[in-house]
Amino acid sequence: MNQIFSILILLPAAALCMNCTGKTDGNYEIGCRSYSICAGGQGSIITCDMDMAYNQDTGKCDDITRIPPPCGVMKNCSSLADGHYADTDNNCKSYYTCVGGIFVGHNFCPSTLVFNEKLQSCDWPKMTAPPCGTM
């Protein structure tokens with residue numbers, strides 16, 4: 001089961017590997033579970049351990065109990081099928097993933113989009129059914 005978590009966490013991060021050419025050193029492409037670091041024009045991906053998330057105050061992975069919502073909130077996936085679910089506590093601006101009844105983490109939608117559970121992706125509010133959209 002741990003191999004599944006590793007693949008789910010690392011595959012998206014690897015696909016989104018940051019091109020740091022000409023970028024100022026710092027953290028980029030920040031999510032709850034991983035982030036990219038640019039240093040000296042080179043990029044690397046940092047993935048937080050299962051009980052940790054990105055802390056915006058420190059710029060590093062930290063204990064999940066010290067992280068504000070939505071990243072610091074673990075969802076109960078014990079009765080949910082594998083998939084992505086709109087985080088209504090965050091006005092559907094984020095969603096969380098469940099695999100094998102276990103919460104895997106949160107992801108964010110781009111600023112003007114909300115999570116559309118039917119499509120399993122971020123979408124325009126006018127194209128998404130309530131409670132996340134206005135369709």
Side-chain angles (χ1 to χ4, degrees):
M1 186 66 81
N2 288 337
Q3 291 173 337
I4 292 173
F5 292 129
S6 297
I7 291 169
L8 287 173
I9 291 169
L10 296 176
L11 186 59
L16 298 173
C17 191
M18 183 98 185
N19 179 354
C20 293
T21 305
K23 293 217 182 256
T24 306
D25 288 357
N27 294 353
Y28 294 88
E29 306 216 358
I30 298 167
C32 291
R33 303 281 315 174
S34 65
Y35 58 99
S36 297
I37 295 178
C38 287
Q42 297 296 314
S44 61
I45 297 169
I46 305 298
T47 302
C48 301
D49 290 337
M50 287 303 295
D51 57 346
M52 301 181 91
Y54 182 79
N55 185 330
Q56 292 182 344
D57 294 335
T58 64
K60 298 181 182 212
C61 295
D62 200 352
D63 187 285
I64 201 163
T65 61
R66 295 187 205 134
I67 313 293
C71 294
V73 176
M74 293 188 67
K75 298 291 187 171
N76 181 355
C77 292
S78 61
S79 63
L80 298 175
D82 291 359
H84 305 295
Y85 295 89
D87 189 350
T88 56
D89 296 336
N90 192 34
N91 297 320
C92 304
K93 296 288 185 184
S94 62
Y95 60 95
Y96 60 97
T97 304
C98 296
V99 177
I102 297 173
F103 170 74
V104 179
H106 291 275
N107 295 91
F108 293 97
C109 290
S111 65
T112 58
L113 304 180
V114 295
F115 189 71
N116 183 328
E117 284 189 357
K118 183 177 179 182
L119 297 177
Q120 289 286 286
S121 66
C122 297
D123 199 3
W124 298 107
K126 66 182 179 182
M127 302 299 291
T128 305
C132 294
T134 57
M135 184 172 111

[X]: which residues meet the side-chain hydrogen bond (donor to acceptor under 3.5 Å, both in side chains) condition with it, sequence neighbours left out?
| X | value |
| --- | --- |
| Asn27 | Tyr54 |
| Thr24 | none |
| Asn76 | Ser78 |

Checklist entry - Any side-chain heavy atom of Tyr96 sitting closer than 4.5 Å to one from Pro70? => result no
Next on the checklist: Running the 4.5 Å side-chain criterion over Ile, Leu, Val, Met, Phe, Trp and Tyr, what cluster does Val73 land in, apart from itself?
Outcome noted: none
Item to check | Transitive ILVMFWY cluster of Trp124, excluding itself - 4.5 Å side-chain cut-off | outcome: Leu113, Met127
Checklist entry - For Tyr95, which residues count as a ring-ring contact (aromatic ring centres under 6.0 Å, His included) partner, sequence neighbours excluded? => result His84, Phe115
Looking only at heavy atoms, what is the nearest atom pair of [X] and [Y], with distance?
| X | Y | value |
| --- | --- | --- |
| Leu80 | Cys98 | CD1-SG, 3.9 Å |
| Thr112 | Pro125 | O-CD, 3.5 Å |
| Arg33 | Met52 | NH1-O, 3.1 Å |

Can you tell me how far [atom2] of [Y] sits from [atom1] of [X], rounded to the nearest 0.5 angstrom?
| X | Y | atom1 | atom2 | result |
| --- | --- | --- | --- | --- |
| Lys93 | Ser111 | NZ | OG | 7.0 Å |
| Ile45 | Tyr35 | CD1 | OH | 12.0 Å |
| Ser36 | Asn19 | OG | CG | 11.0 Å |

Checklist entry - Does Gly40 offer a backbone N or O that forms a donor-acceptor pair with the side chain of Asp25 under 3.5 Å? => result yes
Checklist entry - Does CD in Gln120 sit with more than 12 non-hydrogen atoms of other residues, nucleotides or ligands closer than 6.0 Å? => result yes
Checklist entry - Partners of Lys75 by salt bridge (charged side-chain N to carboxylate O under 4.0 Å, His left out), sequence neighbours excluded? => result Asp87, Asp89
Taking distance alone, no hydrogens or angles, what donor-acceptor pairs closer than 3.5 Å link side-chain atoms of residues 60-69 to residues at least two apart or in another chain?
{"unit_1": "Asp62", "atom_1": "OD1", "unit_2": "Arg66", "atom_2": "NH1", "d": "2.7"}
{"unit_1": "Asp62", "atom_1": "OD2", "unit_2": "Asn55", "atom_2": "ND2", "d": "2.9"}
{"unit_1": "Asp63", "atom_1": "OD1", "unit_2": "Thr65", "atom_2": "N", "d": "2.8"}
{"unit_1": "Asp63", "atom_1": "OD1", "unit_2": "Thr65", "atom_2": "OG1", "d": "2.4"}

Checklist outcome for this item: In short, salt bridge (Lys or Arg N to Asp or Glu O under 4.0 Å) pairs touching residues 118-135 with sequence neighbours left out are none
Checklist entry - Which residues satisfy the side chain to side chain contact (heavy atoms under 4.5 Å, CB included) test with Cys32, sequence neighbours excluded? => result Cys71, His106, Phe108
Item to check | For Cys38, all residues meeting side chain to side chain contact (heavy atoms under 4.5 Å, CB included), sequence neighbours excluded | outcome: Met18, Cys20, Lys23, Tyr28
Item to check | Audit row: Cys92, Thr88, side chain to side chain contact (heavy atoms under 4.5 Å, CB included) steps and yes/no | outcome: CA-CA 5 Å; Cys92 304; Thr88 56; 4.0 Å; yes
